[in-house]
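Notes follow once the structure below has been shown.
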Amino acid sequence: MNLPSYSEIFRKLQLSKESKIVFPFLFVIALLGLMQIFLWSAPSNFKSNVFVEIPAGSTISESATILHDAQVLRSPFWFKVLNLLFYKNTNIKAGDYLFKDPVSVTNVAKRLANGTFGLSLSKVTIPEGYTKTQIADLFVTKFPLFDKNAFIQSAPEGYLFPDTYFFFEDVKAKAVSGRMQDVFNTKTAPLKAEAATLGKNFANVVIIASILEEEVKTLEDMKLVSGILYKRLSISMPLQVDSASTTYQQKGLPSTPISNPGLQALDAALHPTNTDYLYYLSDRAGKIYYAKTFEDHQTNRENHLGK
């Protein structure tokens, strides 16, 4: 039998010593890698743009459960460990958090400890004359959490001021309605005070303004049509406006506004131009033609609408 040489024995001893050092090191690296993949990283089923609401007073454990259920966290355990070790919080910063992309548990823990919500302001412009349904539809396209039905059910038609607004991405229907009503009250305060001085019911002014928004476009035409509507009301003639079909069957104003008017229409409703006109119509280009008698109105229809 051939015995190994001294050099072979020494080489084997060296490999044995290196293995004792290298293999544990590799094992630790592999273990940390597995922890990163299976414990610290975001779940494989994470969905982009995830909103998570952490209620006020939520504990670390409760927050971990909410985040795990929302598929933001893979391991609630490590979330709780990191919070206790590095942030020493018994409560989390409450609020709505937006997670646009997958993040590690360390990042999630840091954000909730510091209240880094990840939300940005979005701009939305409400055109004059929009109904609350149109406003709700517009918000749905810009704000993913916006509850269209809640807004339509709670927002008062006619009192949502058309303007440019900035809201955070998690804005709720109630907050939008409240903000738009506040702006309406602020912007229309002088007109409301003037209406009281003139002995006019401001609620009726808003209704007429909402009709003007739908019927005509320029301030001059709004004031002329406003005068016609007031005259029809004064002689108990149905308003007969196309934008509010009920006005063909019943006399008087609609029970509520039909849209949300801006300041121009509100000013015209409060300051009508008095004329002898009783009729008006709009051609296909939007030009308005006025008439004092029904016969003249019919002539306008034939000349400008082809009827």
Side-chain angles (χ1 to χ4, degrees), residues 123-139 141 157-165 180 183-184 187-188 191 195 200 202-235 237-307:
K123 177 182 176 181
V124 57
T125 299
I126 312 300
E128 296 175 343
Y130 257 35
T131 66
K132 62 181 179 180
T133 298
Q134 290 175 307
I135 293 172
D137 287 337
L138 181 59
F139 268 83
T141 65
E157 192 81 273
Y159 298 88
L160 308 170
F161 193 77
D163 204 348
T164 296
Y165 296 89
M180 294 185 73
V183 175
F184 178 90
K187 295 281 191 179
T188 63
L191 293 174
K200 291 187 176 181
F202 188 67
N204 290 342
V205 171
V206 175
I207 293 174
I208 291 174
S210 72
I211 294 174
L212 296 177
E213 284 286 9
E214 302 301 306
E215 294 287 304
V216 287
K217 299 304 178 186
T218 69
L219 179 59
E220 180 183 0
D221 282 329
M222 283 184 175
K223 288 189 173 184
L224 285 168
V225 172
S226 178
I228 290 173
L229 296 182
Y230 277 113
K231 182 178 290 188
R232 290 180 180 180
L233 289 172
S234 68
I235 62 175
M237 174 183 173
L239 292 183
Q240 297 180 333
V241 292
D242 293 339
S243 57
S245 58
T246 58
T247 60
Y248 278 89
Q249 291 80 39
Q250 63 186 35
K251 297 178 181 179
L253 293 171
S255 57
T256 60
I258 63 171
S259 68
N260 293 280
L263 287 178
Q264 178 175 262
L266 287 163
D267 180 70
L270 188 59
H271 304 106
T273 299
N274 296 316
T275 66
D276 293 331
Y277 297 133
L278 193 57
Y279 301 93
Y280 69 96
L281 63 81
S282 173
D283 67 13
R284 292 176 178 81
K287 184 176 180 180
I288 308 299
Y289 298 89
Y290 299 94
K292 298 177 182 178
T293 66
F294 182 73
E295 289 74 19
D296 289 343
H297 180 59
Q298 285 295 93
T299 300
N300 283 338
R301 291 180 65 88
E302 294 169 2
N303 291 339
H304 304 293
L305 297 181
K307 294 182 180 179

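All values below were derived from every heavy atom in this structure, side-chain atoms included, with hydrogens, water molecules and symmetry-related copies excluded.
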Considering only heavy atoms from C-beta outward, does the side chain of Leu278 approach that of Ile235 to under 4.5 Å?
yes

Should Tyr230 and Ile208 be marked as a side chain to side chain contact (heavy atoms under 4.5 Å, CB included) after you check the CA-CA gap, both sets of side-chain angles, and the distance that decides it?
CA-CA 9 Å; Tyr230 277 113; Ile208 291 174; 3.4 Å; yes

Can you tell if the side chain of Leu233 reaches within under 4.5 Å of the side chain of Asn204, non-hydrogen atoms only?
no

From CA spacing to verdict: side chain to side chain contact (heavy atoms under 4.5 Å, CB included), Lys223, Asp267:
CA-CA 8 Å; Lys223 288 189 173 184; Asp267 180 70; 3.5 Å; yes

Thr256 OG1 to Ile207 CD1 distance, which is reported to the nearest 0.5 Å:
6.5 Å

Tyr165 and Val124, any side-chain heavy atoms less than 4.5 Å apart:
yes

Locate the shortest heavy-atom distance separating Ser259 from Gly129; write the atom from each residue and the value.
CB-O, 3.2 Å

Could you walk me through whether Asp283 and Tyr289 pass the side chain to side chain contact (heavy atoms under 4.5 Å, CB included) check?
CA-CA 8 Å; Asp283 67 13; Tyr289 298 89; 3.3 Å; yes

Considering residues at least two apart in sequence or located in another chain, which fulfil the salt bridge (Lys or Arg N to Asp or Glu O under 4.0 Å) criterion with Asp137?
Lys148

Would a 4.5 Å heavy-atom cut-off, applied to side chains only, mark Asp221 and Tyr280 as touching?
no

Under a 3.5 Å distance rule, please check whether Asn260 uses its side chain to pair with a backbone N or O of Leu160 as donor and acceptor.
yes

Determine whether Ile211 and Glu214 make a side-chain contact, defined as any pair of heavy atoms from C-beta on separated by less than 4.5 Å.
no

Between Ser226 and Ala268, which heavy-atom pair has the shortest distance, and what is it?
OG-O, 2.9 Å

Quick one: does any side-chain atom of Glu157 pair with a main-chain N or O of Lys132 as donor and acceptor, under 3.5 Å?
yes

Would you check if Ile258 and Thr131 make a side-chain contact, meaning some heavy-atom pair closer than 4.5 Å?
no

Do any pairs count as a side-chain hydrogen bond (donor to acceptor under 3.5 Å, both in side chains) and have a residue in residues 244-254, sequence neighbours left out, and if so which ones?
Asp242-Tyr248

Nearest 0.5 Å please: distance from the CG atom of Asn300 over to the OG atom of Ser282.
11.5 Å

Is any side-chain heavy atom of Leu191 less than 4.5 Å from a side-chain heavy atom of Phe202?
yes

Out of Pro261, Pro127, Pro257, which residue meets the side chain to side chain contact (heavy atoms under 4.5 Å, CB included) rule with Glu213?
Pro261

Using a cut-off of 6.0 Å, state whether more than 12 heavy atoms not belonging to Tyr277 lie near its atom OH.
no

Working to the nearest 0.5 angstrom, can you tell me the gap between Met180 CE and Lys187 NZ?
12.5 Å

Going by atom types only, do Thr125 and Thr164 share a side-chain donor-acceptor pair under 3.5 Å?
yes

Hey, what do you get for NZ (Lys217) to CE (Met222), rounding to the nearest 0.5 Å?
7.0 Å

Are the side chain of Lys200 and the backbone N or O of Leu270 linked by a donor-acceptor pair below 3.5 Å?
yes

Between Lys231 and Met237, is there a donor-acceptor pair closer than 3.5 Å when you use the side chain of the first and the backbone of the second?
no

Might you work through the side chain to side chain contact (heavy atoms under 4.5 Å, CB included) test for Ile228 and Tyr290, ending with a clear yes or no?
CA-CA 10 Å; Ile228 290 173; Tyr290 299 94; 3.7 Å; yes

Heavy-atom closest pair, residues Ala269 and Leu212:
N-CD1, 3.9 Å

Atom pair CG/CD1 of Leu138 and Ile135 - distance to nearest 0.5 Å
8.5 Å

Considering only heavy atoms from C-beta outward, does the side chain of Leu224 approach that of Ile288 to under 4.5 Å?
no

Nearest-0.5 Å distance, CG of residue Leu281 to NE2 of residue His304
7.0 Å

